[in-house]
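Step one of this worksheet: look at the structure below.
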Amino acid sequence: MIRVPNLSLDDVDEFITDYFPTAGATLLIGNVGFSPEVLHFPERLGPLPNVDMRFFHEQRPAVPAVITQLASEREQQLRDLAACPMQVVDIPILAEDGAPVGGRNACMQVHQWLSAKAYTDVVVDATGMSRCTAFPIVKQLYQLSRDTPIRVHLLVADGNQAFSNVESVSNDRGGWMHGFPGETETDEFAKALKLWVVQLSEKAGASLQTMFRELDSPEEVCPVLPFPAVNPRRADELLFEHREYWQREWFESPLNFIRAHESDPMDVFHSIARLHTTRVEALSGSGLMSQTVLTPVGRRLPGIGMLLAALSYGLPIFYLETVGYDVHGDLVPGVRRTPTHRWHFRVDKLAPTHD
Amino acid sequence: MNPWHKRANEFIRDANELLPLISPQPIKRFFQRESTRLFDRLVVVVGSPGSGKTTLARLLELRTLAGVPDFKGNTDVRELLASLAKADVLDDLEPAVLALRLPAGGQLRSIWDLPYEARLRHRLLRAMIEAKTVLGWLRAMEDVGVDLEQVRIITTPNAEAARDAVNADDLNAFRERARMTERAIFRLINALVTPAEDELGEHLIDVAYAPFAIIESIEISAAWRGRALRLKPMVIIDDAHELHPTQLEDVDLWLRDREIKIARWMLTRIDSLNLEDFRRVLRDEETVSPGTNPGRDRVRILLQDNRNRQAFRSIAEDVARRYLQPLAAFHRRGSFLSLKTLLNTARPPVLSDTDLHILQSENARLVEENQLTSEKVEAMEAAYPADLTPDVTAAVTHIMLERELKRTPQRSLFGAPAEDSSEEEVSKVQRPVVTGAELQMLHRFDRPFYFGFERLADAANENIEQFVTLASVLVDRLETQAIRGRPLALDARQQHKAVREQAVDLIDQWDFPYAPQVRKLVDFIGGRCEELTLRPNAPLSDGANAYGILRSDLENLDSNDELARVLHYALAYQALVLDEPYECKGKTWALFELGGVAIIAKGLTHSRGGFVEGTLHQLKTAVGSAA
């Protein structure tokens, strides 16, 4: 098992207050998102003189004006927080033909920032960042930390009162996330038995179907269900909503379900780690190759658990890009309060344990 | 296995399960159309999702063809095998083609994102396609039990040097060479930060790989099937629309080279073509670019024929029969079951007495307003088709009376009743008016309309997957009846309700780029069509299901405009179907017809041709992209 040093809730804020004022040159990489939580960590780090804030501005083709406007307001708020000059860089998420290019663009940008100045600490604030940009840059920094003494922090905040009337619109073609390719695409691993660990999410039926098809019908599917959850019925409701898929197309039984805490990435991480290591062990005896494929869909925090598992065990991630948003009704920002969930992970300290 | 739930044939892995499910008619039609040109030049097959592209590719794969001899005496598969034999895909029931289906998305598309010169990126793409194809061929042969020791690669004469370069004499080395290329490019694509072009060095040696230029055929010795087989190698690039347009152009140019001896197909959705190109394919036209002759070097085939509804009904009937066969619950009933018979036994619905009374009293009022005698009304009704139920007769009469009212000039309060002849009108009462009357009753009284096999088949847009998806809800209900030991029948209301709910759900589940805008567009067009359909005098008889804009107006649409992108996805997913050029009222129109699913959800006619006139600007306003 691999150990992931992590902190949660008030410990995170305490750590930030204690650690960063005395740290060396620090780079904070975030994204100008539209949810109010994106301000939480910059509010604590931005005023420090040793912190350079750099933000992505993810560009998608089909975004309603109301969201763009909200993001502009956030950008101004972030600028007001920065002690050092802040940079915001546009990152096109899709190429003109609809292919996902966000991860590659983000990595190139981070490479430029790191080449421009030497940093002792890099903080990735994944709060408002899409998976397609956050995951590749975390992996890029993780790889960098293997060769250099750089410290890599991953921060994420999430609230229970997210905009419920904003739905994301998915791309119609799946793909391997940049930096997390599936080796089953190559001849040597073409015969590996695929285990697909996929997060179930509301209204994601069409996406699940597309991915299952593009993964060429994986041999085994383990849906990740949110339990415990704020709404204790959520796991059952998801099973009911997607019954058509897991019963009739994936031919899975309840024995295959993974239940993991809705807002605890570590629970998801441990569940996947256990499943993956046991499976590899079981299959290697018979000389079979095994490939665990991860797919984060929907809420952010379980996805972070998947990212940690993918980093720790070198697992591939298959996903559908978000191409835009659909807003039903008005976007009324609620009262800003401390995000319900706050997490900190030391990505450069991922290390094997012997338990 | 329940094929109704599998929907797409690509989920069915086993050839023994797949072959009996494939309806021979579309395959026969496909192979007949271009029979002599399918394997010696580039073939581009264009079709929307579910139109059968991947089924076609699956059919040609070695694992499917290798299973053919098991079906020698199977009458269900005989016609299919005859088509394959005629197209030289089979040779005396043994495979004559070694095809690899290569999905184009993901890895191949990513090559375009590398920060290198376009020429190098094209080189990498070609090498990757060639390496993956060679590796796929070898895997396909191993999968059906061929020992690679028994395989010989036949190359073109005088190509010794090139033969050595790909190690064609030793199959293990041949595979290792291809793997080396694949690995090198895989590493390049997946490097988080790509090395600069001048750092590539030895990578470029690994990727210099071009076996397509020399491979002619692949020979398997008699040890496998008792006689030596010579297979035509083939690559089928599936979902070619996922390549970058520039990549697609280059691959197209490359594969058009007549020096290449392997068979090569590209399967693509209309996404790869811009609206203009797509419209050209619909019109069966081809453009000629300098130095090439696409008509000679490349064949383009549109997989779906939206203009032949009758032919599709019989395909749907055949598909339904094949898909019902594996279902045990139906088997137990013993007799031969046809979905068409099961659905068509439903008796037409009738309005409740209260609703019928409402209609009749309205008619009485209209008769009075028109100052018609009851004899005249009776004479009018006598000219209706004979099989109408009283409620339909009343609804048709309602329409006829409204028309009469509109035709007759305003009468003076004291004037004599105008002499008008409804003789001409009487003879015109035909099926579309009856359908129009039924649709009006659907909207006013919720009288079921979408029942019976024909309307179900017509809703599929000549797309087998769409037909199966719509029909599956009815099959599920019939299966439940069978399991419960009840009569295998669904009345009109049950059928209508199930199909409509399914249509609404399917639209709700659309999840592709611009889906929200496509929904808005469908709502807008549906709303306008509904308004026209429900006009009391039914001016278009059975109403409209399309939105027509002048072709000259459509020509002004900039391909970068948001509406162009919305239309692109709407057409790709058959939310809309384009019908053009359409001549009407002395003008040339482009009709955006609602797809079958949207038609059901909006309660409109499946008949083609009725349209609402509009403009491009109105469509832009509807999707919220008007400037």
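In what follows, chains carry the letters A, B, and so on, assigned in the order in which the sequence lines appear, proteins first and then strands, with residues in each chain numbered from 1. Everything quoted here is computed from the prediction, not taken from an experiment.
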Specify which of [options] makes the most heavy-atom pairs with chain B at under 4.5 Å.
options                        : result
A:I137, A:N171, A:D97, A:D187  : A:D187
A:V323, A:V110, A:T186         : A:T186
A:K203, A:Q140, A:E188         : A:E188
A:P181, A:A206, A:G179         : A:P181
A:S170, A:G175, A:C107, A:G324 : A:S170
A:M108, A:E321, A:H178         : A:H178

Would you call the rings of [X] and [Y] parallel, tilted or perpendicular if under 30° counts as parallel and over 60° as perpendicular?
X      : Y      : value
B:Y323 : B:W4   : perpendicular
A:W250 : A:W196 : perpendicular
A:Y245 : A:H242 : tilted

Chain A heavy atoms under 4.5 Å from [X]: which part of the residue, side chain, backbone, both or neither?
X      : answer
B:L243 : backbone
B:D476 : side chain
B:D143 : side chain
B:E142 : side chain
B:E242 : both
B:A191 : backbone
B:P103 : neither

Salt-bridge criterion met for B:K53 and B:D239 (N-O under 4.0 Å): no
So, do A:L94 and A:P61 sit near enough that their side-chain heavy atoms are less than 4.5 Å apart? yes
Does either side chain, that of B:Y514 or that of B:R565, offer a donor lying less than 3.5 Å from an acceptor on the other one? yes
If only side-chain N and O atoms count, and only distance matters, is there a donor-acceptor pair under 3.5 Å linking A:E183 with A:Q291? no
Worked check of side-chain hydrogen bond (donor to acceptor under 3.5 Å, both in side chains) between B:Y569 and A:D172: CA-CA 10 Å; B:Y569 282 101; A:D172 56 347; 4.7 Å; no
If you tally heavy-atom pairs under 4.5 Å between each of B:P516, B:A515, B:P513, B:S110 and chain A, the highest tally belongs to B:P513
Tell me, for A:K191 versus chain B, whether the close heavy atoms (under 4.5 Å) come from the side chain, the backbone, both or neither. side chain
Turns out that what part of A:A106 lies under 4.5 Å from chain B's heavy atoms comes down to neither
Does the Lys NZ or Arg CZ of A:R243 fall within the cation-pi geometry relative to A:F240 - under 6.0 Å from the ring centre and within 45° of the axis? yes
Mind checking whether A:F180 and A:Y319 have ring centres under 6.0 Å apart? no
